[in-house]
Amino acid sequence: VYSIGQYISYGNSGVCEVVGTREIESAQPGAGMKECYILRPLHDKSCTITTPVDNQKVIMRDLISPEETRQLLADIPEMETLPDQSARQQELSYQKALHSGDCKQWICLVKTLNRRIRSRIANGKKVTATDDRYFKAATEKLTEEFSVVLGIGADEIKEILKDAFTI
């Protein structure tokens, strides 16, 4: 159960603030009323999301703690990258990591893509649109969550991440 004013991670919407709760009529006939959270995505204050409290389809979780965040940042040099695969399998692997709702998976994805992007550039090749899209999405998810958790600006988090991935 989340509290009003609490920040949580909600599926692909990223970090959201719980701004309220309300009862709504269930979409299933005869099921009665359903308790729902009203969420406001951090990246779009003009939008609200209404989702059942017991939603099993979308990953809804507490943000990680400041200690966990600092530990993840410290562990980046030792973390594994995703395995090299065929282009189609690679993208499925990227999707799975991005939609996992797991900061560690996002870091592995960014680390993998950072390595691939640097390699392509070093070999005179262009960065693929797929690599660029997933790199930006995973970096944005990490930046947003780490910024809220550590209470520092997104630009500072991006610098910390940039430094951590260039080791």
Side-chain angles (χ1 to χ4, degrees), residues 2-3 5-19 37 39-45 47-49 51 55-122 125-167:
Y2 301 115
S3 307
Q6 182 177 358
Y7 286 98
I8 64 169
S9 177
Y10 180 75
N12 289 331
S13 299
V15 176
C16 294
E17 180 181 5
V18 179
V19 294
Y37 291 119
L39 307 175
R40 180 167 293 128
L42 195 61
H43 63 82
D44 185 0
K45 299 277 189 197
C47 171
T48 59
I49 299 166
T51 186
N55 189 337
Q56 299 297 310
K57 295 179 181 177
V58 179
I59 296 171
M60 193 170 14
R61 64 168 175 79
D62 287 315
L63 299 183
I64 63 173
S65 71
E67 296 75 26
E68 289 171 302
T69 302
R70 285 190 274 282
Q71 189 61 56
L72 281 172
L73 288 168
D75 290 346
I76 288 173
E78 288 79 41
M79 282 190 195
E80 297 291 319
T81 56
L82 301 174
D84 284 329
Q85 302 170 352
S86 69
R88 181 67 190 132
Q89 287 302 317
Q90 194 80 46
E91 186 167 5
L92 289 173
S93 173
Y94 294 173
Q95 280 178 354
K96 184 177 177 187
L98 189 64
H99 299 305
S100 69
D102 180 349
C103 292
K104 188 172 183 177
Q105 288 295 310
W106 297 339
I107 288 172
C108 290
L109 177 57
V110 172
K111 189 171 181 177
T112 299
L113 291 166
N114 186 53
R115 185 193 69 210
R116 283 179 50 90
I117 289 167
R118 289 168 160 267
S119 173
R120 289 186 69 81
I121 292 170
K125 296 179 181 178
K126 289 185 177 180
V127 175
T128 68
T130 299
D131 286 356
D132 187 55
R133 184 174 70 248
Y134 282 97
F135 179 82
K136 286 178 179 171
T139 301
E140 197 55 44
K141 285 181 176 294
L142 287 169
T143 300
E144 188 175 66
E145 185 154 345
F146 289 2
S147 177
V148 170
V149 168
L150 297 177
I152 57 180
D155 289 341
E156 191 174 340
I157 294 293
K158 285 179 183 177
E159 282 302 312
I160 291 169
L161 288 172
K162 184 177 158 192
D163 292 344
F165 287 113
T166 55
I167 292 172

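The chain is numbered in sequence order, starting from 1.
- Remark: the backbone N or O of K136 is not paired with any side-chain donor or acceptor of T139 at under 3.5 angstrom.
- C103 and L72 make their closest contact through CB-CD1, 3.7 Å (heavy atoms, listed as atom of the first residue, atom of the second, distance).
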> Checking side chain to side chain contact (heavy atoms under 4.5 Å, CB included) for the pair V148/L42: CA distance, chi angles, key distance, verdict?
Replying inline: CA-CA 9 Å; V148 170; L42 195 61; 3.3 Å; yes
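- Side chains of E68 and S65: a donor on one and an acceptor on the other come within 3.5 Å.
- Residue A138 comes nearest to L109 through the heavy atom pair CB-CD2, 3.7 Å, listed as atom of the first residue, atom of the second, then distance.
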> Checking side chain to side chain contact (heavy atoms under 4.5 Å, CB included) for the pair D62/Y2: CA distance, chi angles, key distance, verdict?
Replying inline: CA-CA 8 Å; D62 287 315; Y2 301 115; 3.2 Å; yes
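- Residues S13 and I49 meet the side-chain proximity criterion, which asks for heavy atoms closer than 4.5 Å.
- Contacts of F146 classified as ring pair (Phe, Tyr, Trp, His ring centres under 6.0 Å), with partners at least two apart in sequence or in another chain: none.
- Residues passing the ring pair (Phe, Tyr, Trp, His ring centres under 6.0 Å) test with Y94 are Y134, sequence neighbours excluded.
- Residues L73 and I160 are in side-chain contact: their nearest non-hydrogen atoms beyond the backbone lie under 4.5 Å apart.
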>> Between K111 and N114, does the side chain to side chain contact (heavy atoms under 4.5 Å, CB included) criterion hold? Intermediate values first, please.
In response: CA-CA 5 Å; K111 189 171 181 177; N114 186 53; 5.7 Å; no
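- Interatomic distance, H99 NE2 to K141 NZ, rounded to the nearest 0.5 Å: 7.5 Å.
- When all heavy atoms of E17 and G5 are compared, the closest pair comes out as OE2-CA, 3.7 Å.
- Panel note: side chain R115, backbone T81; no donor-acceptor pair is recorded below 3.5 Å.
- Counting heavy atoms from C-beta outward, Y10 and P41 have side chains that stay 4.5 Å or more apart.
- In this structure, K158 and E140 have side chains that are in contact, with non-hydrogen atoms separated by less than 4.5 Å.
- Using a 4.5 Å heavy-atom cutoff, the side chains of D75 and I107 are not in contact.
- The two residues P83 and Q90 make their nearest non-hydrogen contact at O-NE2, 3.5 Å.
- Using a 4.5 Å heavy-atom cutoff, the side chains of R133 and E91 are in contact.
- Of the inter-residue distances, the one linking I64 atom CD1 with K104 atom NZ reads 11.5 Å to the nearest 0.5 angstrom.
- The pair D132-R120 does not count as a salt bridge, with every side-chain nitrogen at least 4.0 angstrom from each carboxylate oxygen.
- For the pair Q6 and L63, the minimum side-chain heavy-atom distance is 4.5 Å or more.
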>> For a side chain to side chain contact (heavy atoms under 4.5 Å, CB included) check, start with the C-alpha distance between T112 and E80, then their side-chain angles and the critical distance, and finish with the verdict.
In response: CA-CA 8 Å; T112 299; E80 297 291 319; over 6 Å; no
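- Contact between V58 and N55 at its shortest, heavy atoms only, is N-OD1, 3.2 Å.
- With rounding to the nearest 0.5 Å, the separation of CD1 in I117 from CZ in F165 is 11.5 Å.
- Residue K45 places its NZ atom among more than 12 non-hydrogen atoms of other residues, nucleotides or ligands, all under 6.0 Å distant.
- D44 contributes atom CG, which lies 9.5 Å from atom OG1 of T48 (distance to the nearest 0.5 angstrom).
- The shortest side-chain heavy-atom distance between V15 and H43 does not fall under the 4.5 Å cut-off.
- Taking OG of S147 as the reference point, atom CD of E156 lies at 9.0 Å (rounded to 0.5 Å).
- What you find for S3 and V18 is that their closest heavy atoms are O-CB, 3.4 Å.
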